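Residue numbers count from 1 along this sequence. Please read all numbers here as calculations on a predicted model, not as lab measurements.
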Amino acid sequence: MDASRRQSGIQQLLAAEQEAQQIVNAARAAKSARLRQAKEEAEREIAEYRKQMEAEFQRKVAESSGDSGANVKRLEQETAAKIEQLSQQAASISPEVIQMLLRHVTTVKN
């Protein structure tokens, strides 16, 4: 009788071990499936984000290339105005500079 109880106890332990192994296997399978699902979701989100960033980049490129003619024209006008201003300043101080140079060249120091 003692042997049959031991045998019965061993059978119960084996059954519990098999049940535990099945639970662990099911948990591993569920974890693996969830990881695959999370990876797929992340890849979709990355693709969507990349698509949005590419669209925004293309929009900015289109905006900047569309305005490049206007920017060039504005820069040319600013440059011409600055050149005119510098020419006027040079013309206004030119007589003074000539007089100073002549004075220094013609003055002899002993």
Side-chain angles (χ1 to χ4, degrees):
M1 191 149 121
D2 199 25
S4 68
R5 278 194 346 201
R6 264 190 258 169
Q7 189 67 20
S8 174
I10 291 173
Q11 291 299 326
Q12 285 178 343
L13 284 175
L14 288 174
E17 185 179 345
Q18 286 178 345
E19 184 180 347
Q21 188 63 38
Q22 289 174 350
I23 292 170
V24 168
N25 288 340
R28 283 183 182 155
K31 179 182 177 185
S32 177
R34 179 61 188 129
L35 285 174
R36 258 192 315 277
Q37 181 184 6
K39 183 178 179 183
E40 290 170 359
E41 288 174 5
E43 288 174 354
R44 279 194 301 272
E45 287 178 13
I46 290 169
E48 180 63 29
Y49 181 74
R50 182 175 285 135
K51 183 179 173 183
Q52 289 175 354
M53 291 295 107
E54 181 67 24
E56 186 171 334
F57 173 74
Q58 292 300 332
R59 181 185 57 80
K60 286 183 179 182
V61 166
E63 285 177 2
S64 66
S65 63
D67 286 345
S68 65
N71 287 337
V72 168
K73 187 174 181 179
R74 180 183 54 82
L75 287 174
E76 287 176 351
Q77 290 173 345
E78 289 176 4
T79 303
K82 189 68 171 177
I83 290 172
E84 180 63 29
Q85 178 188 7
L86 290 174
S87 296
Q88 289 175 358
Q89 287 177 348
S92 69
I93 62 168
S94 180
E96 295 173 22
V97 172
I98 291 172
Q99 287 300 319
M100 179 187 70
L101 287 173
L102 285 175
R103 191 176 51 234
H104 284 293
V105 169
T106 57
T107 304
V108 179
K109 291 186 180 179
N110 287 335

Would you say the side-chain atoms of Glu54 and Gln58 include a donor-acceptor pair closer than 3.5 Å? yes
Indicate whether any N or O donor in one side chain lies under 3.5 Å from an N or O acceptor in the other, for Arg36 and Ser32.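 Their side chains do contain a donor-acceptor pair, which is all the 3.5 Å distance test asks for.
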Which residues satisfy the side chain to side chain donor-acceptor pair (under 3.5 Å) test with Glu96, sequence neighbours excluded? none
Sequence neighbours excluded, which residues qualify as side chain to side chain donor-acceptor pair (under 3.5 Å) partners of Gln89?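 In terms of side chain to side chain donor-acceptor pair (under 3.5 Å), with neighbours along the sequence ignored, Gln89 is linked to no residue.
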Atom CD of Glu41 with >12 non-hydrogen neighbours under 6.0 angstrom: yes
With a 6.0 Å cut-off (strictly less than), is the heavy-atom count around CZ of Arg50, excluding the residue itself, greater than 12? no
If you round to the nearest 0.5 Å, how far is NZ of Lys39 from CD1 of Ile46?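 The NZ atom of Lys39 is 10.5 Å from CD1 of Ile46, to the nearest 0.5 Å.
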Please write out which residues are connected to [X] in a hydrophobic cluster, directly or through intermediates, given that two of Ile, Leu, Val, Met, Phe, Trp, Tyr count as joined at side-chain heavy-atom separations below 4.5 angstrom.
| X | result |
| --- | --- |
| Leu14 | Ile10 |
| Leu86 | none |
| Met53 | Tyr49 |

Taken in chain and number order and not counting sequence neighbours, the residues that satisfy salt bridge (charged side-chain N to carboxylate O under 4.0 Å, His left out) with Arg44 are none
Run the numbers on Glu84 and Gln88 for side-chain hydrogen bond (donor to acceptor under 3.5 Å, both in side chains), then give the verdict. CA-CA 6 Å; Glu84 180 63 29; Gln88 289 175 358; 3.2 Å; yes
Please step through salt bridge (charged side-chain N to carboxylate O under 4.0 Å, His left out) for the pair Glu78 and Arg74, ending with a clear verdict. CA-CA 6 Å; Glu78 289 176 4; Arg74 180 183 54 82; 3.0 Å; yes
